[in-house]
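Working notes, beginning with the structure itself.
Lettering follows sequence order; numbering is per chain, from 1.
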Amino acid sequence: MEKIPILRMGHFLLVTIQVDLYDRLAVNLEADLVQMVNKTGARGVLIDISAVSIVDSFMGRIIGNIANMSKILDAETVVVGMQPAVAITLVELGLPLQGVFTALNVERGMELLRNRIDLDLNPEDDDDDAISDAD
Amino acid sequence: MMTTQLVTLTKDRMVVKLEQDVVPFRNRVKEHATKIGMGLVNQTKLITAASELSRNMLRYAGGGEVLIEVVSKGRENGIRLTFSDKGPGIEDIKKAMQDGYSTGKSLGLGLPGTKRLVSEFDIKSVPNQGTTVIILKWKNG
């Protein structure tokens with residue numbers, strides 16, 4: 001059976017979807033990814049969909065699920081490389097991809113993930129706010 | 001009096017019985033859309049709509065048949081898809097066409113979202129006999 005490879009790179013997991021997904025493949029990817037986040041303690045998941053020509057409501061839901069599940073496991077998800085025609089179609093379809101970060105390409109996606117994790121590692125700024133609020 | 005009529009140029013049929021049939025079906029629709037010179041954005045909308053409807057057919061009716069037609073009206077060409085199944089039918093079509101309504105576990109975007117993606121949309125359903133959904137996407141529409 002086909003499987004979509006998940007690569008580990010430092011704190012991140014990378015997935016490049018190179019085939020048109022049918023439902024079973026997408027559901028398996030969801031399960032595999034969440035398990036990998038748990039197993040590796042990854043802090044970020046980057047999904048490259050530049051080769052995907054169709055994202056329908058099911059596929060959109062899977063992407064949303066992956067982001068939400070990873071979030072619970074303390075990892076951020078970023079989807080990169082969406083084709084313009086896919087973006088136009090998603091918006092008309094009414095699928096907002098809530099809770100999912102997006103970036104134009106892999107490079108910017110990695111940068112976004114790094115920034116998010118840096119923020120998490122330096123929480124002092126938040127504490128300052130909390131103290132001034134309490135005054 | 002002159003009226004421009006809708007003419008069917010080619011007909012193609014495909015059975016969608018299994019989940020794995022969806023990708024080849026989408027590819028077939030893409031082939032036809034490419035042949036009439038439909039642009040990438042309209043193609044993507046049409047194929048996404050086709051994907052939604054074929055999934056509905058699989059989930060609620062155990063599959064069905066799709067008629068793929070290249071049609072023409074005046075100078076405009078388009079693709080018309082007719083999805084027919086012999087499933088349980090839809091009890092309340094008005095409700096099914098509302099955003100966010102679903103009897104299954106989906107987001108309930110399938111039917112109303114699909115309608116937004118195509119030029120023409122028609123649905124007929126008879127409880128216990130089946131559902132027919134017809135969508136049409138003009139090459140430039």
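Contact detail for Arg59(B) and Phe58(A): the closest heavy-atom pair is NH2-CD1, 3.8 Å. Nearest heavy atom pair, residue Asp20(A) against residue Val23(B), reads O-CG2, 4.0 Å. When all heavy atoms are compared, the tightest approach of Leu93(A) to Arg116(B) is O-NH2, 2.8 Å.
Under the 4.5 Å side-chain heavy-atom criterion for Ile, Leu, Val, Met, Phe, Trp and Tyr, Met36(A) and Val34(A) are members of the same hydrophobic cluster. Linking ILVMFWY side-chain heavy atoms closer than 4.5 Å, directly or via other members, places Leu104(A) and Phe101(A) in two distinct hydrophobic clusters. The hydrophobic clustering, which links ILVMFWY residues whose side-chain heavy atoms are closer than 4.5 Å, places Ile62(A) and Ile6(A) together. Hydrophobic clustering, with ILVMFWY side chains joined whenever heavy atoms are under 4.5 angstrom apart, keeps Trp138(B) apart from Met38(B). Hydrophobic cluster membership is shared by Leu33(A) and Met69(A), with clusters built from Ile, Leu, Val, Met, Phe, Trp and Tyr side chains linked at under 4.5 angstrom.
When Gln43(B), Gln20(B), Arg26(B), Glu19(B) are compared by the number of non-hydrogen pairs under 4.5 Å with chain A, Glu19(B) comes out ahead.
Using a 4.5 Å cut-off between heavy atoms, Val55(A) touches chain B through its backbone atoms (N, CA, C, O) alone. Neither the backbone nor the side chain of Leu90(A) comes within less than 4.5 Å of any heavy atom in chain B.
The structure places OG1 of Thr48(B) at 11.0 Å from CD1 of Ile88(A), a figure rounded to the nearest 0.5 Å. Annotation: the span from Ile54(A) atom CD1 to Leu46(B) atom CG amounts to 8.5 Å, rounded to 0.5 Å.
Here the side chains of Val22(B) and Tyr22(A) are not in contact, with every heavy-atom distance at 4.5 Å or above.
Interface with chain B: from residues 77-86 of chain A, residues Ala85(A), Val86(A) qualify, criterion being any non-hydrogen pair under 4.5 Å.
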